[in-house]
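Written below as structure tokens is the structure these notes are about.
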Amino acid sequence: MHSARKLGVIFFPAYDWAISPTHPEREERLLYTQDQLQEEGLYDIEGVREYKPDVATREDVERTHFCFPDVDSVSTRSHHISAGGAIRAARLVLEGERDRAFALVRPPGHHAMKVVHGSRGFCNINIEAVMVEWVRENYGRKRIAIVDTDCHHGDGTQDIYWNDPDVLFISLHQDGRTLYPGTGFPLECGGPTARGRTINIPLPPRTSDEGFLMVLDQVIAPILADFKPDLIVNSAGQDNHYSDPITDMNFSAQGYALLTERLNPHVAVLEGGYAIQGALPYVNLGIALALAGVDYSRVREPDFDPARLAQDPKVTDYIKKLCDQIPRIYFDPPTENQDGEVRGEWFVRSKDIYYDTDNINEEQTEMLHLCGQCRGLLRVETKSTANPLSLGLEIPVGACARCQDLGFRQADEAQLKGGFRYVQLIDRVGKQYLRFGF
Amino acid sequence: MLLGIDVGGTHTDAVAVDESGILASCKVRTNHDNLLDSIEAALKGILAQVDRSQVAQLNLSTTLSTNAIVQNRIDDVGVIISSGPGIDPENFIPCKDFHSLSGSIDHRGTEIAPLDPAELSRAVKACRAAGLKSFAAVTKFSTRNPAHERQIKAALGQGAGGGADFVTLGNEITGRLNFPRRLATAYFNSAVWRTYNRFADAVAQCMTDLGLDVRVNILKADGGTMTLARSRSMPVQSIFSGPAASVMGIIALTRIHYDSVILDIGGTTTDIAIFAEGAPLVEHEGIEIGSHLTLVRALKVRSIGIGGDSAISLTQGVVRVGPNRLGPSAADGGDRPTLTDALNVAGASLYGDIARSRRVLTQFARPHGLDPEDLAAQAIKAAAAKIQAETRDFLAEINEKPVYTIHELLENRRIVPRKVYIMGGPAEAMKMPVFREFQLSTEVPPDFAVANAVGAALTRPTSDVELFADTEKGVVLIPKLKYEGKVGKGYDLEAATAEAKERLLTALYSQGVSMDAANVLVKEASSFNMVSGNRLAGKNIRVRCQVKPGVAFTLREA
Ligand SMILES: [Zn+2]
Ligand SMILES: [Zn+2]
């Protein structure tokens, strides 16, 4: 048996890591998926191979996040292997060893934001972002699209790429008025220098295969055709499944496979998905086969009943309207500032962030230097119930000399004047990641 | 005293050994039309040299199943499967009488849909109408719940009146998961079943005729043996055991410390095996038979078409050896020069009719304007260079993937050989040419010519079991042993590990094998809490135990 495309699968089930013994994010989560893939003989298909994950280094995480007090305090080895699995997937494709790659890894990452004080939405570090930054560090500036098909809004990924015009982030998810984390509305569409590069598509509860595929064809496909990414990454969460215990959607294994086939991402990375017996084994198999270009038409859940999952016409009408409106956000983004204000040369927004998994509250002020020459220095002042006031400074990819200089000056100043317990500086131009106050 | 016989492609070798060393050996030509003839001749040759009352056991490595498949002397098999959701089973059709039924069992062994009785009876009828007597019944996740496979077997019925002579059930081959491989393995097992059992009958008869009332074991490709009785229902496990006999022989004869290359140069092929840290590498999942991947465990060996009988050819000034055998060597009375003849002419060996080797090689060399010595030297170099190139390629392939030895997985380990061991008929003669190509210390172990038979004689039994327990359902299964039991909520990993070991040893004991418990390795032991709603519903436990391959004793010099 041959696959049409060479697929690499990186399987890391983190069999020794759980949030708590009965938490959805527990050791058992990928057990039945592993059984199913083995019983199917997936890795015996010529063209499909299993690979071991890389291990993300502390530097890989520091390149991406401001971790307070430091990387090791907010993440474990399992997180580093999960992120390393995503890196391995990208590496396989970029090195040309594989056409497509699937990082079937846990713990997940898409709720982890730029600043990390702890775990939120079961996520500590953003594994797709760590991967994307690894790619840009090693392969230079690239246009990358991240399409997040997890049922929850990918608020972490959105936060990290809010001001980055080179990364197009598209999230389709159950409407935030009905599900954690309560965000992801169409008007959240990116910062002043990257407006329209964040696209949110909130879908009503009980959206079926029909609705997801309609959004893919009518919204996502034309946007991707225009953006012309060098690399398409799919945050392949599986909690849109009709049997998922913590969400309320009607997506099926067949639907996921079809979506994967049509989206045709270079790299898929597992995110959520908690129907571990009835959904994950079949959805993961469907995604893997679709990526490899192997017939998946017989992949079905044991209790699959298309009639029961048929989409309510009211839901269909609602999604049709979304499909009419949302492309405008990308092609003709709103110009008014939704979430912050211009103060001098800076764009300032304030955020209160709750880390539900670790019960931490964070207050944050994010300031973007409106440089005009480059993406601009990013300055984040943050304090939380876990850490005193601290500072993060990022000299972004492709920053101008002035912003680079400004970044170092502000780091020096913060140390001299005091007031910040920890200071972290990400210098993407000089490829250095500095920490002070430790 | 232990007897070992290795039926090879060209020769059948036999030895008698005890702890003092090799007591007798014998080599006869293999008669491919009647393997039993060769076995009987070799056995008689040995018994003429030793006291037969001292013989305790005969171990036999035979190419019977391999040849049956290669020569297509196999039964038509009725293959009846049920695959449930997943990859289309049409991709795995091994033969024409293939019937796929609806019905499904999931990863936890829960029946999702029953087998369709109407479909089943239609399949059985079609098989009967086709006159089939050998069958394979394989269903997805049968290792978690064998009910559907058993139902198929029951529907086929037994014996006369259209029933089955033999049915291989997928779950009884191994508890490991891999439906396509299980399907192919079950198919081949049933395909060779009849041929193999006729042979086993003949071996038993031969033993009776010779007055030898000793246990007979059959070699497997994994570097172990199984009893003749067990082999009758699992003949597929006897496939490709020849290379394993040689590898086990070298373990008995030599102490290997380093990463090494083992070359067994036979009549028609050279088998290349690799040792890492002194232990042979194994195929992780199982070998390929025909173009089908199976669950037959084996040592990792690459066979290439270069042996003593390989013909020398010359095209456009390039001398080649093999891969074809065009009759016996001139030294054995043939008319085409071979590697053996080249070694004779080069003065590296003194095998058979040396004058004839020279005459035939000279006749072959002259039209090309070559001296026989030149041609011989070039042929020997070509053979050694080809062996070296294939070894390098084999190592590159191995180093790309995780490496498994018979003991364990070696994490992130690159294999860099420091030594070459050569055995087989032309071993001594090929030593220097191989050394020149490999540029590695090259050794020919003592008794190299019968290492394969020594390995056969001394190889210990191996066996493995997989235990699967689900305390929510309250069941424990060891498919291979056809064991199903009930367990309580308190059943845990420790109890499961102990049970798997004990039942493996007991099963071996019931076959007449007493095995030291220290030889049982626990290859996998894991327990997962299963959660339903917000409470712990039970444990999902998997244990895999394996008797590690080894030899009864070694013949190494102190
Ligand atoms: Zn989610
Ligand atoms: Zn700038």
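Chain A is the first sequence line, chain B the second, and so forth, proteins listed ahead of strands; every chain is numbered from 1. What you see below is based on every heavy atom in this structure, not just the backbone, and it leaves out hydrogens, waters and symmetry mates.
For the pair A/D44 and B/R181, the minimum side-chain heavy-atom distance is below 4.5 Å. Between A/Y32 and B/D106 there is no side-chain heavy-atom pair separated by less than 4.5 Å. The shortest distance between side-chain heavy atoms of A/L31 and B/M530 does not fall below 4.5 Å.
Side chain of A/E39 to main chain of B/F141: a donor-acceptor pair is present (N/O by atom type, distance under 3.5 Å, no hydrogens or angles). Counting only distance, with no hydrogens or angles, the side chain of B/H107 and the backbone of A/P281 share no donor-acceptor pair below 3.5 Å.
Taking the six-membered ring where the residue is Trp, B/F528 and A/Y15 present perpendicular rings, their angle passing 60° and hence far from 30°.
Listed by first and then second residue, the salt bridge (Lys or Arg N to Asp or Glu O under 4.0 Å) pairs involving residues 168-178 of chain B are B/E172-B/K482 (not counting sequence neighbours).
Checked for salt-bridge contact, B/R108 and A/D35 miss the test: no charged N lies under 4.0 Å from a carboxylate O.
Applying the side chain to side chain contact (heavy atoms under 4.5 Å, CB included) criterion to A/N264, with sequence neighbours excluded, gives A/R5, A/R100.
Residue-level contacts of residues 17-29 of chain A with chain B, in order of numbering, are A/P21, A/T22, A/R26, A/E27, A/E28; threshold 4.5 Å between heavy atoms. Residues of residues 285-299 of chain A lying under 4.5 angstrom from chain B, judged on non-hydrogen atoms, are A/L285, A/L289, A/D295, A/R298, A/V299 in numerical order.
Contacts of A/L37 with chain B are absent, with no heavy-atom separation under 4.5 Å from either backbone or side chain. Proximity to chain B is absent for every atom of A/E301, based on heavy atoms less than 4.5 angstrom apart.
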